[in-house]
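Labels below follow one simple rule: chain letters A, B, ... track the order of the sequence lines, proteins then strands, and each chain is numbered from 1.
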Number of protein chains: 2
Amino acid sequence: MTRYSGQSRMLVAVDCIIFGFDGEELKLLLIKRGFEPQKNKWSLMGGFVQGDEGFETAATRILKKLTGLEGVYMEQLFAFGEPARDPVERTVSITYFTLIDINQYKLQINDEYHAEWIALDKLPDLIFDHTEMVKMAQEKLRYKAAIHPILFELLPLKFTIPQLQLLYEAVYDATFDKRNFSRKVLSTGLLIKQKDKDRLSSKRGAFYFKLDKRKYNAKFNAFLNFVTDPGNIK
Amino acid sequence: MTRYSGQSRMLVAVDCIIFGFDGEELKLLLIKRGFEPQKNKWSLMGGFVQGDEGFETAATRILKKLTGLEGVYMEQLFAFGEPARDPVERTVSITYFTLIDINQYKLQINDEYHAEWIALDKLPDLIFDHTEMVKMAQEKLRYKAAIHPILFELLPLKFTIPQLQLLYEAVYDATFDKRNFSRKVLSTGLLIKQKDKDRLSSKRGAFYFKLDKRKYNAKFNAFLNFVTDPGNIK
DNA sequence: ACAAAAGTGTTACCCGTACACCCATGC
DNA sequence: GCATGGGTGTACGGGTAACACTTTTGT
C-alpha cells in the first residue's frame with residue numbers, strides 16, 4: 001500500500017504573526033507579497049511547507065529567512081482551512097505566533113522582502129484571511145500574557161521596570177499603578193537587578209533588570225496573574 | 001493563474017479526541033481502525049478533509065457519523081504535521097478537542113466503528129502519533145478547566161454538586177474540600193437549583209442543578225478559578 | 001440504631017488594591 | 001531650583017483555605 005485513494009491533497013502553508021515592541025507601540029512585521037495573486041499587497045510572512053519538513057521547521061526556516069533570527073519565541077496558533085481562503089488553490093495555513101525583540105531585528109534588516117514594522121492599530125488591509133489571523137493572535141497575546149510571563153520575549157536582554165510596564169499597558173490598552181505593578185513583578189522573583197541604569201528616558205535613570213532564565217523556564221507554567229481583572233481591558 | 005507551481009500537496013485529516021465522564025472516571029472514545037495500515041489497532045476517530053469542506057465542518061461530520069451527536073463542545077486543538085507521522089503518505093492532522101455527555105452517547109451507539117469508551121489511565125497503544133495527541137488534549141483539559149467552566153459539557157443537563165465535584169477530582173486527580181467547592185461553584189451564579197433530587201447515589205439524595213445557559217455563555221470567558229493551585233495537581 | 005452521603009458556617013490569613021510622598025538628576 | 005520620571009510603604013477589604021457538626025433516610 002503506497003497511497004490512500006480517492007482523497008484530496010492540498011497545499012500546506014505556514015504564516016507567522018510576528019509581534020514587536022518599540023517602547024511605545026505594539027507592532028507587527030508585515031511584508032509586501034512578492035508573487036501573484038495579490039502581489040504587492042500587505043501580508044504576513046509565510047511560505048509553503050516542503051515535502052520533507054514539519055510545521056515548526058518550516059516556520060523557523062521562514063522566520064530566519066525574513067529576520068535572520070533564530071531561537072525566538074514561537075508557538076503554533078491555529079490551523080486555517082476554509083476551502084476558499086486562497087482563491088488560487090485549496091491551501092491550508094498553519095499559523096505561528098511569534099514574539100521577537102524588535103531591536104535585535106533592526107540590526108539585520110533584510111530588504112529582500114520589503115518588510116516593515118506596522119503598529120497594530122494602524123494595520124492596512126491584509127490578503128486572504130490574514131486579518132482574522134492577526135486578530136486571533138492579538139487575543140492570544142492578551143490571554144496568555146495575563147497568565148504567563150511571555151511578554152519578556154518582546155524586550156531586550158536588559159530592560160527597566162518602567163519599560164516593562166509600558167509594554168503591559170500597550171498590550172492591554174490600560175494603565176496600571178506603578179507601585180503595585182513593580183511590587184507584583186518583583187515578587188515573582190523572575191528579575192535580577194543590574195548595577196547599571198538606563199539614562200535615556202529619564203534624568204534620574206532607571207535600573208536595568210535581567211530575566212532569571214532558570215526561574216523563567218521553571219515558572220513559565222505557573223499562573224502569574226499580572227493583569228488583575230481581564231474585564232478591565234478596554 | 002490556476003495553481004501554485006513546484007509545491008508539495010498533502011492529505012489533510014481531522015482527528016477527534018473525545019472525552020466523556022461516567023461518574024467515576026474520565027474516558028476517551030476510541031475506535032478500532034477499519035482500514036490499512038494498522039487495521040484493527042486502536043485509534044482516535046478521524047477522517048480526511050474533503051475538497052470542499054473546512055476543518056470544523058469535517059470534524060462535525062466525523063463526530064456525527066460516529067456518535068450521532070451534534071452541537072457538542074468542540075474546539076481545535078493542534079495541527080500535527082511531522083513528515084513521517086503517517087508511514088503511508090504525507091498526511092497532516094488537525095485535531096479537535098471534544099467534550100460530550102457520555103450518557104447521551106449511550107443512547108445511540110453506532111457499532112459500525114467498534115467504538116469503545118476507555119478510561120484515560122488504561123489507554124492501549126494508539127496508532128501513529130495519537131498518543132501524543134491525547135496527552136496534549138489532556139493537558140489542555142486541565143489547563144482550560146482551571147479557568148473556564150467547560151467541564152459542564154461532560155455532564156447531563158441535570159447534575160448534582162457531588163457529581164460535579166467528582167468530575168473535577170477526576171480531571172485533576174486531586175481531592176477538594178466539599179464545603180469550599182460547593183460555595184465556590186454556587187457563587188458563580190451559573191447553577192439553578194432544581195426541585196428534585198438524585199436518589200441513586202445516596203440515601204438522603206442530592207439536589208439536581210441545571211446550568212444557567214445565558215450566564216454560562218456570558219461568563220464563559222471570565223477567569224473562574226475553580227482550581228486553586230494548579231501546582232497541587234498530582 | 002446505624003451507616004453513608006448531603007449540606008451548611010466561621011475564622012484566620014494572604015493577596016490585591018488604593019493611595020501619596022520622597023529621591024535623583026539634567027537642565 | 002525646578003521639572004521629570006524613578007522608586008518605595010501602608011492600610012484596608014475581599015476572597016480563599018482550613019476546619020466539624022447536623023441532617024436525612026435506607027437498611
#### Entry: cation_pi(Lys197(B), Phe207(B)) dist<6.0 Å, angle<=45
yes
### Message
Rounded to whole Å, how long is the line connecting atom CG of Leu200(B) with atom C1' of dA6(C)?
### Response
15 Å
## Note on the structure
Closest to the side chain of Arg179(A), out of dC19(D), dG6(D), dA20(C), is dA20(C)
### Message
Pick the closest DNA chain D nucleotide for Ser187(B) and for Asp177(B) by heavy atoms, then say which residue is nearer the 5' end.
### Response
Ser187(B)
### Summary
Ranking dT10(D), dG9(C), dT25(C) by distance to the side chain of Arg183(A), first place goes to dT10(D)
### Message
By the 4.0 Å heavy-atom rule, please label Lys178(A) as base, sugar-phosphate, or nothing.
### Response
base
### Summary
To the nearest 0.5 Å, atom CG of Asn103(A) lies from atom CG of Asp22(A) at 8.5 Å
### Message
Could you tell me if Gln163(A) and Tyr208(A) have a donor-acceptor pair between their side chains, going purely by distance under 3.5 Å?
### Response
no
### Query
Under 3.5 Å, is there a donor-acceptor pair linking the side chains of Thr160(A) and Asp198(A)?
no
### Message
Quick check for you: among dC19(C), dA18(D), dT8(C), whose closest atom lies nearest to any side-chain atom of Lys193(B)?
### Response
dT8(C)
### Query
Between dT25(D), dG7(D), dT10(C), which nucleotide gets closest to the side-chain atoms of Lys203(B)?
dT25(D)
### Query
Of the nucleotides dA6(C), dC19(D), dA3(C), which has the atom closest to the Arg204(B) side chain?
dA6(C)
### Query
Roughly, in whole Å, what's the span from CG in Leu166(B) to C1' in dA6(C)?
13 Å
### Task
Starting at atom CD of Gln165(A), determine the distance to atom P of dG5(D), rounded to an integer number of angstrom.
14 Å
### Summary
Rounded to whole Å, the CZ-C1' distance (Phe159(B) to dA6(C)) equals 16 Å
### Query
Out of dG9(C), dG7(D), dA5(C), which nucleotide sits closest to the side chain of Ala206(A)?
dG7(D)
### Task
Calculate the interatomic distance between Arg199(B) atom CZ and dG26(D) atom P; express it in whole Å.
7 Å
### Query
What is the nucleic acid contact for Ser201(A), judged by heavy atoms within less than 4.0 Å: base, sugar-phosphate only, or nothing?
sugar-phosphate
#### Entry: Aromatic ring proximity Phe97(B)/Phe19(B), centre distance under 6.0 Å
yes
